[in-house]
Novice: 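Structure incoming, see below.
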Amino acid sequence: QWPLDDIPFSSSGSILLGSPIGSDDFVSDECLRIVKQGEVFLSKVQGVRHMQSALLLLRYCGTSKVNHLLRVVPPALVRNAARLHDRLVLDSFQSIIGCQLFSLQQRQLRLKISQGGFGLTSAVAIAPCAFVGSWAASLASLPSRMVNFPTYPEVSFDSSTTTVQQIKGIFEGFQGIDDIGSIDNLAGSAVKLQKRLSSHLSESQLSDRKSGS
(Lines give C-alpha, C1' and ligand atoms only; values in the text may rest on other atoms or scores of the structure.)
Protein backbone atom coordinates (compact mmCIF):
# COMPACT_ATOMS: atom_id res chain seq x y z
CA GLN A 1 0.00 0.00 0.00
CA TRP A 2 1.09 3.55 -0.73
CA PRO A 3 1.70 5.74 2.36
CA LEU A 4 -0.67 8.44 1.12
CA ASP A 5 -0.41 10.39 4.35
CA ASP A 6 3.30 10.97 3.65
CA ILE A 7 2.71 12.41 0.17
CA PRO A 8 2.51 16.23 0.20
CA PHE A 9 -0.53 17.67 -1.55
CA SER A 10 -0.60 20.96 -3.38
CA SER A 11 -3.49 22.55 -5.23
CA SER A 12 -1.32 25.25 -6.83
CA GLY A 13 1.33 23.18 -8.61
CA SER A 14 4.18 20.73 -8.43
CA ILE A 15 7.75 20.15 -9.61
CA LEU A 16 8.16 17.77 -12.56
CA LEU A 17 11.71 16.88 -13.65
CA GLY A 18 13.00 20.07 -12.11
CA SER A 19 10.36 22.22 -13.81
CA PRO A 20 7.68 24.06 -11.81
CA ILE A 21 4.21 23.42 -13.25
CA GLY A 22 1.06 25.07 -11.92
CA SER A 23 -0.40 28.51 -11.32
CA ASP A 24 1.56 31.59 -12.36
CA ASP A 25 2.25 32.51 -8.75
CA PHE A 26 3.44 29.00 -7.93
CA VAL A 27 5.79 28.85 -10.93
CA SER A 28 7.24 32.29 -10.27
CA ASP A 29 7.78 31.56 -6.58
CA GLU A 30 9.38 28.18 -7.26
CA CYS A 31 11.76 29.73 -9.78
CA LEU A 32 12.85 32.21 -7.13
CA ARG A 33 13.31 29.40 -4.60
CA ILE A 34 15.47 27.40 -7.01
CA VAL A 35 17.67 30.42 -7.80
CA LYS A 36 18.09 31.17 -4.09
CA GLN A 37 19.34 27.61 -3.59
CA GLY A 38 22.15 28.37 -6.04
CA GLU A 39 23.30 31.24 -3.85
CA VAL A 40 25.10 28.70 -1.65
CA PHE A 41 27.28 27.65 -4.59
CA LEU A 42 28.06 31.24 -5.54
CA SER A 43 29.09 32.08 -2.00
CA LYS A 44 31.53 29.15 -2.04
CA VAL A 45 32.96 30.32 -5.37
CA GLN A 46 33.67 33.70 -3.79
CA GLY A 47 35.70 31.91 -1.16
CA VAL A 48 38.09 30.29 -3.64
CA ARG A 49 41.52 31.83 -2.96
CA HIS A 50 42.82 31.61 -6.54
CA MET A 51 41.08 34.46 -8.37
CA GLN A 52 41.33 32.99 -11.87
CA SER A 53 39.92 29.68 -10.68
CA ALA A 54 37.05 31.47 -8.95
CA LEU A 55 36.24 33.47 -12.10
CA LEU A 56 36.29 30.34 -14.26
CA LEU A 57 33.95 28.56 -11.85
CA LEU A 58 31.63 31.56 -11.94
CA ARG A 59 31.61 31.69 -15.74
CA TYR A 60 31.21 28.00 -16.52
CA CYS A 61 29.22 26.81 -13.50
CA GLY A 62 27.60 29.79 -11.83
CA THR A 63 25.91 31.42 -14.81
CA SER A 64 24.46 28.12 -16.06
CA LYS A 65 22.61 27.32 -12.82
CA VAL A 66 19.41 28.84 -14.19
CA ASN A 67 19.58 27.54 -17.77
CA HIS A 68 17.04 24.75 -17.32
CA LEU A 69 14.44 27.13 -15.92
CA LEU A 70 14.96 29.56 -18.79
CA ARG A 71 14.20 26.80 -21.30
CA VAL A 72 11.07 25.40 -19.65
CA VAL A 73 9.41 28.42 -18.03
CA PRO A 74 7.88 31.33 -20.01
CA PRO A 75 10.01 34.50 -19.71
CA ALA A 76 7.25 36.43 -17.96
CA LEU A 77 7.15 33.88 -15.13
CA VAL A 78 10.90 33.38 -14.76
CA ARG A 79 11.77 37.09 -15.02
CA ASN A 80 12.02 37.79 -11.28
CA ALA A 81 14.19 34.72 -10.75
CA ALA A 82 16.37 35.67 -13.72
CA ARG A 83 16.87 39.18 -12.32
CA LEU A 84 17.87 37.73 -8.96
CA HIS A 85 20.27 35.32 -10.66
CA ASP A 86 21.89 38.16 -12.63
CA ARG A 87 22.32 40.19 -9.45
CA LEU A 88 23.84 37.27 -7.55
CA VAL A 89 26.30 36.57 -10.36
CA LEU A 90 27.27 40.24 -10.57
CA ASP A 91 27.70 40.45 -6.80
CA SER A 92 29.88 37.33 -6.90
CA PHE A 93 32.07 38.78 -9.66
CA GLN A 94 32.53 42.05 -7.81
CA SER A 95 33.34 40.19 -4.61
CA ILE A 96 35.98 38.10 -6.37
CA ILE A 97 37.77 41.03 -8.02
CA GLY A 98 37.32 43.27 -4.98
CA CYS A 99 35.70 46.31 -6.58
CA GLN A 100 32.37 47.64 -7.82
CA LEU A 101 31.60 48.02 -11.54
CA PHE A 102 29.95 50.99 -13.20
CA SER A 103 26.83 50.45 -15.31
CA LEU A 104 28.74 50.42 -18.61
CA GLN A 105 31.27 47.96 -17.21
CA GLN A 106 28.47 45.70 -16.02
CA ARG A 107 27.04 45.61 -19.53
CA GLN A 108 30.41 44.78 -21.04
CA LEU A 109 30.73 41.97 -18.52
CA ARG A 110 27.71 40.28 -20.16
CA LEU A 111 29.25 40.24 -23.64
CA LYS A 112 30.88 37.15 -25.12
CA ILE A 113 34.63 36.80 -24.66
CA SER A 114 35.13 37.20 -28.42
CA GLN A 115 33.41 40.58 -28.13
CA GLY A 116 35.60 41.84 -25.31
CA GLY A 117 33.31 40.75 -22.50
CA PHE A 118 33.64 38.15 -19.80
CA GLY A 119 30.93 35.75 -20.97
CA LEU A 120 28.65 36.17 -17.93
CA THR A 121 25.46 35.99 -19.97
CA SER A 122 22.45 37.82 -18.55
CA ALA A 123 19.64 35.40 -17.69
CA VAL A 124 17.08 38.17 -18.23
CA ALA A 125 18.39 38.90 -21.72
CA ILE A 126 18.72 35.29 -22.82
CA ALA A 127 15.39 34.02 -21.41
CA PRO A 128 13.30 34.64 -24.57
CA CYS A 129 15.96 32.95 -26.76
CA ALA A 130 16.11 29.93 -24.46
CA PHE A 131 12.35 29.48 -24.20
CA VAL A 132 11.59 29.89 -27.90
CA GLY A 133 14.51 27.64 -28.86
CA SER A 134 13.41 24.94 -26.42
CA TRP A 135 9.83 25.13 -27.70
CA ALA A 136 10.90 24.74 -31.33
CA ALA A 137 13.25 21.85 -30.58
CA SER A 138 10.64 20.02 -28.50
CA LEU A 139 7.88 20.42 -31.05
CA ALA A 140 10.13 19.19 -33.84
CA SER A 141 11.03 16.01 -31.96
CA LEU A 142 7.51 14.95 -30.96
CA PRO A 143 6.49 13.02 -34.12
CA SER A 144 9.62 10.82 -34.14
CA ARG A 145 9.41 10.12 -30.41
CA MET A 146 5.75 9.12 -30.55
CA VAL A 147 5.92 7.03 -33.74
CA ASN A 148 5.28 3.77 -31.86
CA PHE A 149 2.05 5.06 -30.36
CA PRO A 150 -0.67 4.49 -32.99
CA THR A 151 -3.24 6.51 -31.06
CA TYR A 152 -1.03 9.60 -30.95
CA PRO A 153 -2.57 12.32 -33.14
CA GLU A 154 -0.64 14.10 -35.84
CA VAL A 155 1.23 17.09 -34.46
CA SER A 156 -0.51 20.28 -35.51
CA PHE A 157 0.27 23.93 -34.97
CA ASP A 158 -2.73 25.70 -33.46
CA SER A 159 -1.94 29.39 -33.60
CA SER A 160 -4.89 30.20 -31.35
CA THR A 161 -3.49 28.55 -28.22
CA THR A 162 -2.22 30.72 -25.38
CA THR A 163 1.26 29.17 -25.49
CA VAL A 164 1.67 29.83 -29.20
CA GLN A 165 0.48 33.40 -28.76
CA GLN A 166 3.15 33.87 -26.09
CA ILE A 167 5.75 32.37 -28.42
CA LYS A 168 4.71 34.71 -31.20
CA GLY A 169 4.97 37.71 -28.90
CA ILE A 170 8.51 36.73 -27.92
CA PHE A 171 9.53 35.88 -31.47
CA GLU A 172 8.30 39.20 -32.83
CA GLY A 173 10.70 40.96 -30.48
CA PHE A 174 13.63 39.78 -32.59
CA GLN A 175 13.97 41.91 -35.69
CA GLY A 176 16.42 41.66 -38.56
CA ILE A 177 16.82 37.88 -38.54
CA ASP A 178 16.42 36.80 -42.14
CA ASP A 179 17.36 33.10 -42.05
CA ILE A 180 14.82 31.84 -39.50
CA GLY A 181 11.57 32.20 -41.38
CA SER A 182 8.11 32.76 -39.97
CA ILE A 183 6.95 31.47 -36.61
CA ASP A 184 4.64 29.00 -38.36
CA ASN A 185 7.59 27.45 -40.23
CA LEU A 186 9.27 26.59 -36.94
CA ALA A 187 6.63 23.98 -36.09
CA GLY A 188 7.96 20.55 -36.99
CA SER A 189 11.32 21.92 -38.13
CA ALA A 190 14.49 20.97 -36.28
CA VAL A 191 16.43 24.24 -36.19
CA LYS A 192 19.07 25.53 -33.78
CA LEU A 193 16.89 28.49 -33.05
CA GLN A 194 18.26 29.37 -29.63
CA LYS A 195 21.81 29.65 -30.99
CA ARG A 196 20.66 31.93 -33.81
CA LEU A 197 18.62 34.16 -31.53
CA SER A 198 21.43 34.29 -28.98
CA SER A 199 23.94 35.31 -31.65
CA HIS A 200 21.56 38.01 -32.84
CA LEU A 201 21.17 39.21 -29.26
CA SER A 202 24.93 39.29 -28.71
CA GLU A 203 25.47 41.42 -31.81
CA SER A 204 22.75 43.79 -30.66
CA GLN A 205 24.31 44.08 -27.19
CA LEU A 206 27.74 44.71 -28.70
CA SER A 207 26.31 47.44 -30.90
CA ASP A 208 24.68 49.08 -27.88
CA ARG A 209 27.94 48.84 -25.94
CA LYS A 210 29.90 50.53 -28.74
CA SER A 211 27.36 53.33 -29.01
CA GLY A 212 27.26 53.72 -25.23
CA SER A 213 23.46 53.60 -25.21
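FYI, side chains are in, hydrogens and waters are out, and symmetry mates aren't considered; it's all heavy atoms of this structure.
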Novice: Return yes if some donor-acceptor pair links the side-chain N/O of D86 with the main-chain N/O of S122 below 3.5 Å, else return no.
Specialist: no
Novice: Taking atom CG as the centre, does L17 end up with more than 12 heavy-atom neighbours from other residues, nucleotides or ligands that are less than 6.0 angstrom away?
Specialist: no
Novice: Can you hop from L77 to V72 via hydrophobic side chains spaced under 4.5 Å?
Specialist: yes
Novice: Quick one: pull up OG in S12 and CD in E30 and give me the separation to the nearest 0.5 Å.
Specialist: 8.0 Å
Novice: Taking all atoms of both residues into account, what is the closest heavy-atom pair of V48 and A54, and its distance?
Specialist: CB-CB, 3.9 Å
Novice: So how far is it from R71 CZ to I126 CD1, rounded to the nearest 0.5 Å?
Specialist: 10.5 Å
Novice: Taking all atoms of both residues into account, what is the closest heavy-atom pair of S28 and N80, and its distance?
Specialist: OG-ND2, 4.0 Å
Novice: Treating Ile, Leu, Val, Met, Phe, Trp and Tyr as nodes and any side-chain heavy-atom pair under 4.5 angstrom as an edge, say whether L58 and I97 lie in one connected cluster.
Specialist: yes
Novice: Side chain of R59, backbone of F118: donor and acceptor closer than 3.5 Å?
Specialist: yes
Novice: What are the two closest non-hydrogen atoms of G116 and Q108, and how far apart are they?
Specialist: O-NE2, 3.0 Å
Novice: Looking at CG of L57 and CD of Q52, how far apart are the two atoms once the value is rounded to the nearest 0.5 Å?
Specialist: 11.0 Å
Novice: Looking only at heavy atoms, which two atoms of P20 and G18 are closest? And how far apart?
Specialist: CD-O, 3.9 Å
Novice: Measure the spacing between CG of L84 and CG of D91 and express it to the nearest 0.5 Å.
Specialist: 9.5 Å
Novice: When you measure from the side chain of R110 to the backbone N and O of L120, does any donor-acceptor pair fall under 3.5 Å?
Specialist: yes
Novice: Please check if the side chain of S64 supplies one atom and the backbone of N67 the other of a donor-acceptor pair under 3.5 Å.
Specialist: no
Novice: Give the cluster check for L101 versus L55: same hydrophobic cluster or not, with ILVMFWY residues linked at side-chain heavy-atom distances below 4.5 Å.
Specialist: yes
Novice: Looking at L88, is its backbone amide N or carbonyl O close enough to the side chain of S92 to form a donor-acceptor pair, meaning the two atoms are under 3.5 Å apart?
Specialist: yes
Novice: Name the atoms and distances for all side-chain donor-acceptor pairs under 3.5 Å in residues 36-45, with sequence neighbours left out.
Specialist:
from : atom 1 : to  : atom 2 : distance (Å)
S43  : OG     : E39 : O      : 3.4
S43  : OG     : V40 : O      : 2.6

Novice: Side chains of M51 and I96, heavy atoms from C-beta outward: is any pair under 4.5 Å?
Specialist: yes
Novice: Rounded to the nearest 0.5 Å, how far does CZ of R33 lie from CZ of F26?
Specialist: 8.0 Å
Novice: Once you round to the nearest 0.5 Å, how far does OG1 of T63 lie from CZ of F93?
Specialist: 12.0 Å
Novice: Between G62 and H85, what is the shortest heavy-atom contact and its length?
Specialist: O-CE1, 3.2 Å
Novice: V78 and C31: which non-hydrogen atoms are nearest, and at how many Å?
Specialist: CG2-SG, 4.0 Å
Novice: Just by distance, do the side chain of Q94 and the backbone of Q100 share a donor-acceptor pair under 3.5 Å?
Specialist: no
